[in-house]
Asks: 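There's a structure below that I have some questions on.
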2 protein chains.
Amino acid sequence: MPEQTSKSLILQQFIPYRMVNTAKRISDNLSKIYVSEHFGVTIPEWRILARLAEDERLNSRDIGRITMMDKSKVSRGVKLLDGKGLLIKEKDEQDHRVTYLSLSEAGCRLYHELAPRALEWESRLIRVLDTSEYRDLMRILEKLDKQLDSMES
Amino acid sequence: MPEQTSKSLILQQFIPYRMVNTAKRISDNLSKIYVSEHFGVTIPEWRILARLAEDERLNSRDIGRITMMDKSKVSRGVKLLDGKGLLIKEKDEQDHRVTYLSLSEAGCRLYHELAPRALEWESRLIRVLDTSEYRDLMRILEKLDKQLDSMES
DNA sequence: TATTATTGGTTTCACTTGAAACTAAATACA
DNA sequence: TGTATTTAGTTTCAAGTGAAACCAATAATA
């Protein structure tokens, strides 16, 4: 009987480890753009901003669902953005629990300052991938996401 | 003059966003195995454990450098593992600042309980990728890491 | 219509995190 | 030598996090 049947775990070849490490580096580096670099926006704020730039009049719940942030995070992000006058809030007339959020003038302006820099940073990052690799990565991420859906349920 | 030259940012197609989201889901799900599932090991502890299983007699600094954890995290992880009797510590005779760490009997045993489950979880995750996609992903992660190295400097 | 369950959103609380300060030891250099 | 710098590792502190409790409003059901 072999004393150690299992294929051994080598951290450098362990997908979860690699993905998490690389993603953290990406997040840390990119976030420097909006967090420090004179914009003073947190990551949750940035996500909400970006999401509202794509779709007007979302409520917190929608934003949470779409961006995979739990409701506390969204709530705090919204509070911060609102405090800076970057949002427009509209209470739903029918359902008084929900508030629709959109970007104010200032919110739009900030977004249009930030987005090009974020895109520029991304393009510098993925410059090392050729077009097929870029498509591969997207497809792989989609597949992994789908698999996670099924593993979570 | 065009009023909006920049390619617009769509969150779902923005690599940093996608990578960070997927990696977080992976981390959250996998960590359930060792955090809760009757092992009670934190993520930093697990990383140190796994790393020491691969290489004996590392000091905290080495572990930090290799696993990309800052020294506070390593320090706390080591303290926890040591408190459970999972480590062997040896002070360097020449340099009294450094302590070499190895797995104790119990540490080895715990590792050999955990590793197969982690690998099993990984294999369930990547089951959706065909062999070429698996290789693609590894190569892409390597390229991104290398690019991050150069962007950070 | 009263009662119960559900939902959108906020807040609390215990825990984790990383930057910075710190300690102790070793090294460099005057 | 002695003084300044660097390094291994710990601790402190302020901030961020998510689970759970909570509040108010709506929907479901008796």
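Just so we're clear, the structure is a prediction, and the values are computed from it rather than from any experiment. All chains are named by letter (A, B, ...) in the order of the sequence lines, taking the proteins before the strands, and each is independently numbered beginning at 1.
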Asks: Mind listing the residues from residues 76-85 of chain B sitting with a heavy atom below 4.0 Å of DNA chain D? Number order is fine.
Replies: B/Arg76, B/Lys79
Asks: Within the structure provided, determine whether A/Ile140 and B/Leu137 are in side-chain contact (heavy-atom separation under 4.5 Å).
Replies: yes
Asks: Given B/Glu120 and B/Arg124, is the salt bridge (Lys or Arg N to Asp or Glu O under 4.0 Å) satisfied, shown in steps?
Replies: CA-CA 6 Å; B/Glu120 199 272 326; B/Arg124 234 183 322 142; 3.6 Å; yes
Asks: Restricting to nitrogen or oxygen on both sides, can you table the protein-nucleotides 2-5 of chain C pairs closer than 3.5 Å?
Replies:
none

Asks: Side-chain N or O of B/Lys71 less than 4.0 angstrom from OP1 or OP2 on C/dA21?
Replies: no
Asks: Hey, mind stepping through B/Val98 and B/Arg61 against side-chain contact (heavy atoms from CB on, under 4.5 Å) and telling me if it holds?
Replies: CA-CA 9 Å; B/Val98 340; B/Arg61 180 176 140 279; over 6 Å; no
Asks: Please give, in whole Å, the distance from D/dG16 P to B/Lys24 NZ?
Replies: 16 Å
Asks: In whole Å, what is the span from the CG atom of A/Leu101 to the P atom of C/dG8?
Replies: 14 Å
Asks: Hey, quick one: are A/Leu148 and A/Val20 part of the same hydrophobic cluster, counting side-chain heavy atoms closer than 4.5 Å, chains of contacts allowed?
Replies: no
Asks: Take atom CG of A/Asn29 and atom C1' of C/dG18, then tell me their distance rounded to the nearest Å.
Replies: 15 Å
Asks: For DNA chain D, which residues in residues 57-70 of chain B have a heavy atom at a distance below 4.0 Å?
Replies: B/Asn59, B/Ser60, B/Arg61
Asks: Using distance alone, with no hydrogens and no angle criterion, decide if A/Glu45 and A/Thr42 have a side-chain donor and acceptor under 3.5 Å apart.
Replies: yes
Asks: Using whole Å, what does the distance between atom C1' of nucleotide C/dA19 and atom CG of A/Asp28 come to?
Replies: 13 Å
Asks: Following the transitive rule for hydrophobic clusters with a side-chain heavy-atom cut-off under 4.5 Å over Ile, Leu, Val, Met, Phe, Trp and Tyr, establish whether A/Val35 and A/Leu125 coincide in one cluster.
Replies: yes
Asks: Among the nucleotides C/dA19, C/dG8, D/dG16, which one has an atom lying closest to any side-chain atom of A/Thr42?
Replies: D/dG16
Asks: When hydrophobic residues are tied together by side-chain contacts of less than 4.5 Å, even through go-betweens, does B/Leu119 share a cluster with A/Tyr17?
Replies: yes
Asks: Polar-atom pairs under 3.5 Å, protein N or O versus N or O of nucleotides 23-27 of chain D: list them with distances, or write none.
Replies:
{"residue": "D/dT26", "atom": "OP1", "partner": "A/Gln94", "partner atom": "O", "Å": "3.1"}
{"residue": "D/dT26", "atom": "OP1", "partner": "A/His96", "partner atom": "N", "Å": "2.8"}

Asks: Listing request: all salt bridge (Lys or Arg N to Asp or Glu O under 4.0 Å) pairs with a residue in residues 127-137 of chain B, at least two apart in sequence or in separate chains.
Replies: A/Arg139-B/Glu133, A/Lys143-B/Glu133, B/Asp136-B/Arg139
Asks: Where the side chain of A/Val98 is defined as all heavy atoms beyond and including C-beta, which of D/dT11, C/dG8, C/dT11 is the nearest nucleotide?
Replies: C/dG8
Asks: Work out which heavy atom in A/Arg25 is nearest to a heavy atom in B/Asp145; give both atom names and the distance.
Replies: NH1-O, 3.4 Å
Asks: What closest approach, in Å, do B/Ile43 and B/Ser27 show between heavy atoms, and which atom pair accounts for it?
Replies: CD1-OG, 3.9 Å
Asks: Give me the atom names and distance for the closest heavy-atom approach of A/Asn21 to B/Arg47.
Replies: OD1-NH1, 2.9 Å
Asks: Any donor-acceptor pair under 3.5 Å linking the side-chain atoms of A/Arg97 with those of A/Asn59?
Replies: no
Asks: So which nucleotide from D/dG9, C/dG9, C/dT17 ends up closest to the side chain of B/Lys73?
Replies: C/dT17
Asks: Show the nearest heavy-atom pair for residues A/Ile26 and B/Pro16, with the distance to one decimal.
Replies: CG2-CB, 3.6 Å
Asks: NA contact type, A/Lys91, heavy-atom cut-off 4.0 Å: base, sugar-phosphate, or nothing?
Replies: nothing
Asks: Can you list everything that forms a side chain to side chain donor-acceptor pair (under 3.5 Å) with A/Ser72? Sequence neighbours excluded, please.
Replies: A/Asp70
